[in-house]
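The structure appears below as structure tokens.
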Amino acid sequence: MVFYFLFYTLNEWLFRQTEFTEGIAWIYLPAGIRLICTLLFAEAGCAGLLLGSMLTTATYRLFPHDPVTAAGYCLISAAAPYLAYRFTLSGMDLRRSLANLTSTRLMACILLYALTNPLFQLIWFVMRGVSPHFWSGLVVMSIGDLFGSVIVVYLFRFLLSFLPLPRR
């Protein structure tokens with residue numbers, strides 16, 4: 001929850017001026033946090049993402065006059081990465097322990113998530129009348145989620161390289 005909120009705040013600070021439209025960014029760092037949380041913590045990560053999305057929505061006053069759209073946004077923000085995670089467990093034979101998570105499988109997870117979340121979000125936004133730009137929004141949001149996920153995942157990978165390796 002905390003990491004999601006912090007990375008949303010960082011994204012707002014760094015990339016707010018490059019947004020395509022409100023809620024659709026060319027680079028979206030929280031996408032990487034969503035992916036990492038679901039990969040590492042599964043259902044607990046999904047719950048944390050839901051709480052983090054609710055905190056973010058309240059703090060940044062996303063959809064302030066439309067609580068139904070805000071609630072849908074929060075639910076999709078938590079559910080889409082979890083659904084992508086569940087698919088990778090079965091479709092790519094990924095172990096829950098992530099012991100067999102290779103760079104190729106990680107990139108497949110990132111690509112799947114970068115398509116899943118934007119698709120669900122934009123269907124919701126179009127249904128709610130928030131965004132009339134379905135196709136262009138889908139392309140931009142997918143690019144933003146892809147770039148954000150790659151940046152965050154490789155940032156975490158870089159930071160983990162400083163930790164000592166466990167003894168066998």
Side-chain angles (χ1 to χ4, degrees), residues 1-91 94 96 109-153 155-156:
M1 176 178 96
V2 173
F3 273 116
Y4 181 81
F5 181 78
L6 291 175
F7 272 77
Y8 188 93
T9 301
L10 179 65
N11 201 84
E12 283 288 302
W13 181 65
L14 291 174
F15 303 116
R16 175 77 175 169
Q17 64 279 5
T18 64
E19 281 188 342
F20 176 68
T21 63
E22 187 170 355
I24 300 176
W26 286 99
I27 298 175
Y28 191 66
L29 299 175
I33 295 299
R34 289 175 182 163
L35 180 65
I36 288 172
C37 284
T38 52
L39 283 174
L40 293 178
F41 306 113
E43 293 81 11
C46 184
L49 289 172
L50 178 60
L51 293 173
S53 295
M54 292 167 60
L55 176 64
T56 301
T57 300
T59 302
Y60 285 96
R61 302 193 38 77
L62 306 176
F63 316 107
H65 304 294
D66 191 352
V68 173
T69 299
Y73 168 79
C74 292
L75 288 171
I76 293 168
S77 293
Y82 182 72
L83 290 173
Y85 164 73
R86 295 299 303 177
F87 179 78
T88 59
L89 285 179
S90 60
L94 184 64
R96 217 172 148 100
C109 290
I110 290 170
L111 289 171
L112 178 64
Y113 170 70
L115 294 172
T116 305
N117 180 66
L119 179 65
F120 291 146
Q121 290 286 7
L122 281 160
I123 288 171
W124 179 246
F125 289 163
V126 168
M127 285 174 38
R128 299 293 304 157
V130 173
S131 176
H133 310 288
F134 181 80
W135 292 110
S136 58
L138 182 63
V139 169
V140 174
M141 192 180 275
S142 294
I143 290 169
D145 281 9
L146 177 66
F147 285 161
S149 294
V150 168
I151 289 167
V152 169
V153 165
L155 172 67
F156 272 73

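Just so we're clear, the structure is a prediction, and the values are computed from it rather than from any experiment.
Counting heavy-atom neighbours within 6.0 Å of Phe134 CZ, excluding the residue itself, gives a total above 12. Applying the 6.0 Å contact sphere to CZ of Phe15 captures more than 12 heavy atoms from other residues, nucleotides or ligands. Annotation for Phe87: atom CZ does not count as buried by contact number, only 12 or fewer foreign heavy atoms lying within 6.0 Å.
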List the steps and the verdict of side chain to side chain donor-acceptor pair (under 3.5 Å) for Tyr8 and Ser53. CA-CA 9 Å; Tyr8 188 93; Ser53 295; over 6 Å; no
For Val2 and Leu6: C-alpha separation, side-chain torsions, deciding distance, then whether side chain to side chain contact (heavy atoms under 4.5 Å, CB included) applies. CA-CA 6 Å; Val2 173; Leu6 291 175; 3.8 Å; yes
For Leu119 and Asn117, what are the C-alpha separation, side-chain angles and deciding distance, and is it a side chain to side chain contact (heavy atoms under 4.5 Å, CB included)? CA-CA 5 Å; Leu119 179 65; Asn117 180 66; over 6 Å; no
Let's go through Phe3 and Ile36 carefully: what are the C-alpha distance in whole Å and the side-chain angles of both, what is the deciding distance for side chain to side chain contact (heavy atoms under 4.5 Å, CB included) to 0.1 Å, and is it a yes or a no? CA-CA 10 Å; Phe3 273 116; Ile36 288 172; over 6 Å; no
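Here the closest heavy-atom approach between residue Tyr82 and residue Cys46 is recorded as CB-SG, 3.9 Å. The shortest heavy-atom contact between Phe63 and Ala70 is CD1-CA, 3.9 Å. Here the shortest heavy-atom pairing between Phe20 and His133 reads CE2-CB, 4.4 Å. In terms of heavy atoms, Pro81 sits closest to Ile76 at CD-O, 3.9 Å. The two residues Cys109 and Thr88 make their nearest non-hydrogen contact at SG-CG2, 3.5 Å. Across Ile24 and Ser131, no two heavy atoms sit closer than the pair CD1-OG, 4.2 Å.
Checking side-chain atoms of Thr59 against main-chain N and O of Thr56 turns up no donor-acceptor pair under 3.5 Å. Side-chain atoms of Ser142 come within 3.5 Å of backbone atoms of Ala114 as a donor-acceptor pair (strictly under, hydrogens ignored). A side-chain donor-acceptor contact under 3.5 Å links Thr38 to the backbone of Leu35.
In the model, Gln121 has a side-chain atom that pairs as donor or acceptor with a side-chain atom of Ser77 under 3.5 Å.
Taken from CG in Leu146 to OH in Tyr113, the straight-line distance is 11.5 Å, to the nearest 0.5 Å. Here CZ of Arg34 is found 14.0 Å from CG of Leu39. Values are rounded to the nearest 0.5 Å. Note that CG of Leu111 and CG of Asp145 are 11.5 Å apart. Values are rounded to the nearest 0.5 Å. Between atom CD1 of residue Ile27 and atom CG of residue Leu14 there is a gap of 9.0 Å, rounded to the nearest 0.5 Å. Between the CD atom in Glu12 and the CG atom in Leu29 there is a gap of 11.0 Å [rounded to 0.5 Å]. Here the CG atom belonging to Leu138 is positioned 9.5 Å from the CD1 atom belonging to Ile143, to the nearest 0.5 angstrom.
Under the 6.0 Å cut-off for aromatic ring centres, Phe147 and Tyr28 do not qualify, their centroids lying 6.0 Å or more apart.
Under the 4.5 Å side-chain criterion, counting only non-hydrogen atoms from C-beta, Trp124 is in contact with Arg128. Counting heavy atoms from C-beta outward, Leu51 and Leu55 have side chains that stay 4.5 Å or more apart. Using a 4.5 Å heavy-atom threshold, the side chains of Phe5 and Tyr60 count as touching. Side-chain contact check for Leu89 versus Arg86: some heavy-atom pair is nearer than 4.5 Å.
Classified by interplanar angle (parallel below 30°, tilted 30° to 60°, perpendicular above 60°), the ring pair Phe125/Tyr73 is parallel. In this pair, Phe7 and Phe156 present their aromatic rings tilted. The plane angle is within the 30 to 60° band.
When each of Asn11, Leu49, Val152 is tested with Pro30 by the rule side-chain contact (heavy atoms from CB on, under 4.5 Å), just one qualifies, namely Asn11.
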